[in-house]
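This report refers to the structure that appears directly beneath it.
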2 protein chains.
Amino acid sequence: MTPNACQSCAIRHKALCRELLPEELVHLNSIARKRTIHAGQQIASPVDTLVSYANIISGVVKLSKVLPDGRAQIVGLQFVSDFLGRPFKKKCTYFAQAATEVELCTFSKNGFEKMILKYPGMKHRLLDHTLDELDAAQEWMLLLGRKTAREKLASFLCMVGKRGVNQSCSATTTLNFTRFDLPLTRADIADFLGLTTETVSRQISKFKTEGLIRLEGSRTIVVPNMRMLETATTDA
Amino acid sequence: MTPNACQSCAIRHKALCRELLPEELVHLNSIARKRTIHAGQQIASPVDTLVSYANIISGVVKLSKVLPDGRAQIVGLQFVSDFLGRPFKKKCTYFAQAATEVELCTFSKNGFEKMILKYPGMKHRLLDHTLDELDAAQEWMLLLGRKTAREKLASFLCMVGKRGVNQSCSATTTLNFTRFDLPLTRADIADFLGLTTETVSRQISKFKTEGLIRLEGSRTIVVPNMRMLETATTDA
DNA sequence: CGTCGCGTTGATCACGGTCAATATAGGTGG
DNA sequence: CCACCTATATTGACCGTGATCAACGCGACG
């Protein structure tokens with residue numbers, strides 16, 4: 001990449017690189033390479049060998065596991081500034097696929113691993129990040145195991161509302177009013193929540209008739225009062 | 001603890017301390033303290049402040065999350081030699097409770113954090129361990145979101161069979177024949193699998209009549225052919 | 001011997017899945 | 001620019017898995 005490109009990067013102050021020292025940033029810059037991935041395209045899978053790590057500059061990446069008979073479960077959604085890759089492993093255990101158009105900042109596997117070993121701060125941030133992911137995974141286990149379809153949908157909309165805002169230029173939020181785009185199809189949402197597309201569709205329609213949300217097209221959600229939606233994330 | 005107690009520790013070669021240098025082991029020994037916890041007793045919760053980390057010397061610890069109305073989900077099971085604690089956080093996000101009688105090797109929070117910062121190897125192993133936990137959590141998300149009750153039970157029995165053997169003295173395994181004790185009540189198993197106790201009980205009975213397993217008392221499971229049980233973990 | 005916690009079994013119900021038809025939107029070529 | 005086509009989304013009718021409610025068995029312990 002061009003010298004010091006990292007300096008002006010859009011996610012310079014959010015991603016792993018957030019607290020890098022100038023020296024480290026120069027090093028990182030030297031192994032970084034931008035790459036664009038189209039929606040639906042696969043980024044990694046359990047069958048192929050990992051050759052690079054990446055930060056997400058824009059877009060959303062879904063990580064999913066699949067049963068032999070085709071049943072699928074999304075086990076992670078990665079947003080802007082999130083990190084992709086499992087440090088020091090040659091294989092990953094899931095499929096990584098672009099849910100939307102995605103811009104990645106990739107690092108060669110070897111180069112990045114050398115950096116991790118050289119700068120303790122990097123390893124520390126990687127640990128922090130992994131622990132955050134574990135927290136998120138555990139929260140999702142609670143959702144998958146114990147929440148009703150209605151609660152699952154409300155939780156999902158709240159999550160995307162919170163994470164999607166501040167990132168998507170199309171998202172707006174004032175007080176409790178929020179507008180944002182869904183980065184997933186109904187089928188993807190179903191695979192994320194452990195439901196079917198039909199149930200997802202029905203619950204969205206129900207929220208609509210109840211006035212909890214409005215739709216603009218099928219992908220843009222308007223939430224007049226986020227508090228109300230949060231109420232629906234637990235209990236009836 | 002007595003000088004060099006770590007040297008003769010039962011989990012010396014399995015836990016985080018596995019690859020510690022002699023110097024590091026002495027340091028660790030100086031901040032370690034053994035503690036016994038009775039079945040059912042609480043070890044940590046989201047409301048109280050964390051004051052120590054721990055390795056499990058014996059027994060099983062369950063980590064669970066609870067919804068306001070009481071619905072609970074176990075988000076992690078920790079076995080012999082597993083690590084407890086969320087590095088550098090003052091709070092944890094779940095309840096940690098002894099599922100059986102548990103022996104812990106605890107480390108003061110401050111002392112252990114200093115060690116993490118001092119020895120890069122510790123941090124590395126902590127990262128590895130956290131990544132393994134993340135993998136396990138994702139595997140469980142697939143189970144919770146997409147597997148049937150039958151598949152959930154089979155998966156659970158296989159997991160306990162694999163992890164419980166080699167640790168519990170009462171567990172035996174020759175070829176495909178395996179005998180082991182369940183460390184959880186039916187209610188705990190239900191909370192782990194996102195089911196009810198009744199469904200857990202019914203599925204166990206079904207496996208029994210099918211000859212997939214035998215029961216000795218209600219806690220000891222005999223699996224004549226582990227392969228057969230593994231078949232039941234996916235597909236009908 | 002009675003109580004309490006845990007486990008099993010049965011009868012019924014309802015949430016969400018399945019199968020099927022229809023609607024809508026986005027994209028392509030005439 | 002519109003007609004057409006395919007993806008994606010919605011809606012309806014029906015069904016089945018697992019939840020719920022309830023009774024009972026069993027063993028540990030005072």
Side-chain angles (χ1 to χ4, degrees), chain A residues 38-41 62 67 69-73 99-101 143-157 181-210 213-221 232 235-236, chain B residues 38-40 67 69-73 99-101 143-157 181-210 213-221 232 235-236:
Chain A
H38 296 297
Q41 207 177 321
K62 55 180 178 165
L67 254 17
D69 65 356
R71 282 173 290 174
Q73 174 68 46
T100 64
E101 172 110 347
L143 174 143
L144 291 171
R146 290 309 188 192
K147 289 194 179 179
T148 64
R150 179 188 173 83
E151 292 167 338
K152 285 179 177 181
L153 239 300
S155 301
F156 172 74
L157 292 176
D181 287 349
L182 294 177
L184 301 181
T185 66
R186 299 292 188 268
D188 282 339
I189 297 173
D191 281 345
F192 195 27
L193 300 177
L195 298 170
T196 59
T197 60
E198 293 93 330
T199 301
V200 169
S201 204
R202 272 187 257 271
Q203 291 298 335
I204 289 181
S205 299
K206 201 133 161 276
F207 283 155
K208 207 167 54 179
T209 63
E210 289 175 15
I213 63 171
R214 290 201 326 267
L215 284 190
E216 298 179 355
S218 64
R219 290 297 195 91
T220 302
I221 304 281
D235 168 53
Chain B
H38 296 298
L67 254 18
D69 66 354
R71 282 173 289 173
Q73 175 67 47
T100 64
E101 171 111 347
L143 174 142
L144 290 171
R146 292 307 188 193
K147 289 193 179 179
T148 63
R150 179 187 172 84
E151 291 167 338
K152 285 178 176 182
L153 240 300
S155 302
F156 172 74
L157 293 176
D181 287 349
L182 295 177
L184 301 182
T185 64
R186 300 292 188 266
D188 283 338
I189 298 173
D191 281 345
F192 195 27
L193 300 176
L195 298 170
T196 58
T197 59
E198 292 93 332
T199 301
V200 169
S201 201
R202 272 187 257 270
Q203 290 299 335
I204 289 181
S205 299
K206 200 133 163 275
F207 283 155
K208 207 168 51 176
T209 64
E210 289 175 15
I213 64 173
R214 287 200 328 266
L215 284 191
E216 298 179 353
S218 65
R219 290 294 195 95
T220 301
I221 304 281
D235 169 52

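Just so it is clear: chains get the letters A, B, ... in the order the sequence lines come, proteins before strands, and each one is counted from 1.
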| request: Mind checking the NZ-OG spacing from B/K206 to B/S201? Nearest 0.5 Å is all I need. | output: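 That separation rounds to 13.5 Å.
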
| said: So, taking the atom named CZ in A/R71 and the one named CD in B/E151, what distance separates them when rounded to the nearest 0.5 Å? | reply: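 If I round to the nearest 0.5 Å, the distance is 4.0 Å.
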
Classify [X] by what it touches in the nucleic acid, base, sugar-phosphate, or nothing, heavy-atom distance under 4.0 Å.
| X | value |
| --- | --- |
| A/T197 | nothing |
| A/L215 | sugar-phosphate |
| B/G217 | nothing |
| B/G40 | nothing |
| A/L195 | sugar-phosphate |

Can you tell me if [X] touches the phosphate of [N], counting only side-chain N or O atoms and a distance under 4.0 Å to OP1 or OP2?
| X | N | value |
| --- | --- | --- |
| B/R219 | C/dC6 | no |
| A/R202 | D/dT11 | no |
| A/S201 | D/dT10 | yes |
| A/T196 | C/dG16 | no |

| Syn or anti: how is D/dA9 classified when any glycosidic angle within 90° of 0 counts as syn? |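 Base orientation: anti.
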
Just how far, in rounded Å, is [atom2] of [N] from [atom1] of [X]?
| X | N | atom1 | atom2 | result |
| --- | --- | --- | --- | --- |
| B/E216 | D/dC26 | CD | P | 18 Å |
| B/K147 | D/dT17 | NZ | P | 18 Å |
| A/L184 | D/dT8 | CG | C1' | 14 Å |
| A/R186 | D/dT11 | CZ | P | 10 Å |
| B/R71 | D/dT20 | CZ | C1' | 14 Å |
| A/Q203 | D/dT11 | CD | C1' | 14 Å |
| B/I204 | C/dT8 | CD1 | C1' | 10 Å |
| A/L193 | C/dC15 | CG | C1' | 16 Å |

| message | Is there, by distance only and without an angle test, a donor paired with an acceptor across the side chain of B/E198 and the base of D/dC21 below 3.5 Å? | response |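 Under the 3.5 Å cut-off, the side chain and the base do form a donor-acceptor pair.
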
State which of [options] makes the closest approach to the side chain of [X].
| X | options | value |
| --- | --- | --- |
| B/T148 | D/dG18, D/dT10, C/dT8 | D/dG18 |
| B/S218 | C/dG16, C/dC19, C/dG7 | C/dG7 |
| B/T185 | C/dG7, C/dT9, C/dG17 | C/dG7 |

| 5'-most by nearest nucleotide on DNA chain D - A/S205 or A/R146 |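 The residue mapped nearer the 5' terminus is A/S205.
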
Looking only at heavy atoms, which two atoms of [X] and [Y] are closest? And how far apart?
| X | Y | value |
| --- | --- | --- |
| A/L193 | A/K152 | O-NZ, 2.9 Å |
| B/L144 | B/F192 | CD2-O, 3.8 Å |
| B/L195 | B/A149 | CD2-CB, 4.0 Å |

| message | Could you identify the nucleotide paired to D/dA7, looking across every strand shown and requiring Watson-Crick or G-U wobble geometry with both distances under 3.5 Å? | response |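 WC or wobble partner does not exist here.
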
| query | With both distances kept under 3.5 Å, what pairs with C/dT24, Watson-Crick or G-U wobble? | reply |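 The answer is none; no pair meets the criterion.
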
| query | Do B/R146 and A/D191 sit within salt-bridge range, that is, some charged N less than 4.0 Å from a carboxylate O? | reply |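 A salt bridge links B/R146 with A/D191.
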
